[in-house]
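See below for the structure under consideration.
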There are 2 protein chains.
Amino acid sequence: MTQTSTPTDSGTTAPQALSPQDMVCFSLYSAVHAMSQAYRPHLEKLGLTYPQYLVMSALWAAEAPPTVGMLSRQLQLESSTLTPLLKRLETMGLLTRRRDAEDERQVRIALTGEGQQMHGRSAHIAGCIAEQSGMSVEELLTLRDQVSRLRDNLRKG
Amino acid sequence: MTQTSTPTDSGTTAPQALSPQDMVCFSLYSAVHAMSQAYRPHLEKLGLTYPQYLVMSALWAAEAPPTVGMLSRQLQLESSTLTPLLKRLETMGLLTRRRDAEDERQVRIALTGEGQQMHGRSAHIAGCIAEQSGMSVEELLTLRDQVSRLRDNLRKG
DNA sequence: GAAATATATATCGTGCACGATTTAATCGAC
DNA sequence: GTCGATTAAATCGTGCACGATATATATTTC
């Protein structure tokens, strides 16, 4: 099927054909989809999508209400992605969006009581996923660091 | 900011707040975006998006024209994702979509000459990305296998 | 302090990506 | 051979995700 190990190639035909299965990028791409699927049943109970959950996680971990720009830098998402997503979370009653009095260009995102409360209801999820991953905590941490390093290098380049 | 190592928590407040940066899922999520950005300048010259490039890669590596279902299983994408994507590639003149004579439910995807030819023009890209990753080939292969294992485990669970 | 510049969000258009549903063809039971 | 069940694509609606652009506030220059 993928014929990586069958060099039948003899010049006239195409360059060695790397199938998606051979590529690092595809492993990441498909792993993200699998991850999103794994989260889905848990997040459905909270009424969240995976990207919404990431934003909520950032807010739960923040010491003070961040601006849209801070979230944008932390999550590496454009304002054109975040703005509508944040509006949806606002409509759900999980957060508020308020222009900063000091700098009216910025918008501060603050959790509501309901948004804060959801943290407790989400606390078990990470553990479930970790278990489902079939990898040890050590392996997962190593993998996380390797993947983060790859990401940072790609950004710099 | 993320306060992973500052256990100021004392019961009344939220459970330990895992920030996105601490999570394996986020490292994968952000790495995929970074990867897509890294591919962008190369793929722009071909007029392809990253998912379109994946489909083309699958076709370049295939021995015979696969069906939509085969591509769906290989790339783990729904027909609702593939069908419009394939239609765009067809419009670009890179492939043809033809119902199988043996089984009229299936649609066979075949490269056109132009689509076949693009393989050569894309051959250098993987190497550029590998270089940009700042990781050795060995490291990349190990990472690929680890990430693939994680993905497969998540799917099974 | 007015004009030029820079920064922070928001808006718009396009293309994934999925779940749910639909349509159409094949297969099975009888 | 016909009816019911299964399978393969396609369609529909929603929500990311981005680049390009717009808008509005802040900063800098003069």
Side-chain angles (χ1 to χ4, degrees), chain A residues 25-26 29-41 43-44 47-56 65-92 96-109 155, chain B residues 25-26 29-41 43-44 47-56 65-92 96-109 155:
Chain A
C25 61
F26 176 71
Y29 174 85
S30 52
V32 163
H33 293 156
M35 189 65 87
S36 179
Q37 294 300 315
Y39 269 95
R40 185 177 302 275
L43 294 182
E44 260 173 4
L48 295 179
T49 65
Y50 178 71
Q52 289 168 359
Y53 169 72
L54 275 186
V55 168
M56 292 302 289
T67 65
V68 172
M70 290 164 71
L71 287 171
S72 169
R73 283 184 290 279
Q74 184 181 1
L75 301 175
Q76 292 292 316
L77 294 173
E78 302 296 320
S79 71
S80 48
T81 300
L82 278 175
T83 296
L85 192 157
L86 290 168
K87 282 186 177 177
R88 275 174 222 119
L89 293 175
E90 184 184 36
T91 302
M92 295 182 214
T96 60
R97 299 161 59 244
R98 211 168 310 176
R99 296 223 94 104
D100 192 309
E102 305 279 311
D103 184 343
E104 291 266 336
R105 292 172 302 182
Q106 301 188 132
V107 170
R108 294 243 164 232
I109 306 300
R155 281 209 196 114
Chain B
C25 60
F26 176 71
Y29 174 85
S30 52
V32 164
H33 294 156
M35 189 66 88
S36 179
Q37 293 301 315
Y39 270 96
R40 185 176 302 275
L43 294 181
E44 261 173 4
L48 294 179
T49 65
Y50 177 71
Q52 288 169 359
Y53 169 72
L54 276 186
V55 168
M56 293 301 291
T67 65
V68 172
M70 292 165 70
L71 286 172
S72 169
R73 283 184 291 276
Q74 184 181 1
L75 301 176
Q76 292 291 314
L77 294 173
E78 302 297 321
S79 71
S80 47
T81 300
L82 278 175
T83 297
L85 192 157
L86 290 168
K87 282 185 177 175
R88 276 174 221 118
L89 292 175
E90 184 184 36
T91 302
M92 294 182 215
T96 61
R97 299 161 58 245
R98 212 167 310 175
R99 295 221 93 104
D100 192 309
E102 304 280 310
D103 184 344
E104 291 265 337
R105 292 172 302 181
Q106 302 187 132
V107 171
R108 295 242 164 234
I109 307 301
R155 280 207 197 113

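By convention in this document, chain letters (A, B, ...) are assigned in the order of the sequence lines, proteins followed by strands, and residues within each chain are numbered from 1.
Side chain B/S79 to base D/dA10: a donor-acceptor pair is found below 3.5 Å.
Using a 4.0 Å heavy-atom cutoff across all strands shown, A/T81 reaches at least one base atom of the nucleic acid. The residue A/R97 sits close only to the backbone: its heavy atoms come under 4.0 Å of sugar-phosphate atoms, none of a base. Heavy atoms of B/L82 sit nowhere under 4.0 angstrom from any nucleic acid atom. Among the heavy atoms of the strands, none lies under 4.0 Å from B/S72.
Every side-chain contact (heavy atoms from CB on, under 4.5 Å) that A/E104 has, sequence neighbours left out, goes to A/R99. A/R105 meets the side-chain hydrogen bond (donor to acceptor under 3.5 Å, both in side chains) test with A/D103; sequence neighbours excluded. Listed by chain and number, the residues in a ring pair (Phe, Tyr, Trp, His ring centres under 6.0 Å) with B/Y50 are A/Y29, B/Y39 (sequence neighbours excluded).
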Pair B/T96-B/I109, side-chain contact (heavy atoms from CB on, under 4.5 Å): steps then yes or no: CA-CA 6 Å; B/T96 61; B/I109 307 301; over 6 Å; no
Test log, rule side-chain contact (heavy atoms from CB on, under 4.5 Å), inputs B/E44 and B/R40: CA-CA 6 Å; B/E44 261 173 4; B/R40 185 176 302 275; 3.8 Å; yes
B/T67/B/V107 under side-chain contact (heavy atoms from CB on, under 4.5 Å): CA gap, chis, key distance, verdict: CA-CA 5 Å; B/T67 65; B/V107 171; over 6 Å; no
Intermediate values then yes/no, side-chain contact (heavy atoms from CB on, under 4.5 Å), A/V55 and A/L85: CA-CA 9 Å; A/V55 168; A/L85 192 157; 3.8 Å; yes
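For the pair B/S80 and A/Q52, nearest-nucleotide mapping onto DNA chain D gives the more 5' position to B/S80. The residue among A/Q37 and A/V107 whose nearest nucleotide of DNA chain C lies closer to the 5′ end is A/V107.
Once you apply a 4.0 Å limit to the heavy atoms of chain B, the touched nucleotides of DNA chain C run 5' to 3' over C/dG15 to C/dT26.
Rounding to whole angstrom units, CD of residue B/E90 and C1' of D/dA9 are separated by 14 Å. B/E78 places its CD atom 16 Å from the P atom of D/dT11, with the value rounded to the nearest Å.
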Please tabulate, one pair per line, all N/O donor-acceptor pairs under 3.5 Å involving side-chain atoms of residues 75-82 of chain A, not counting sequence neighbours.
| unit_1 | atom_1 | unit_2 | atom_2 | d |
| --- | --- | --- | --- | --- |
| A/Q76 | OE1 | A/R155 | NE | 3.3 |
| A/Q76 | NE2 | A/R73 | O | 3.0 |

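Remark: A/L43 CG to A/Y53 OH distance equals 7.0 Å, nearest 0.5 Å.
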Pull out every protein N or O sitting under 3.5 Å from an N or O of nucleotides 26-28 of chain D, one pair per line with the distance.
| unit_1 | atom_1 | unit_2 | atom_2 | d |
| --- | --- | --- | --- | --- |
| D/dA26 | OP1 | A/E104 | N | 2.9 |
| D/dA26 | O4' | A/R105 | NE | 3.4 |

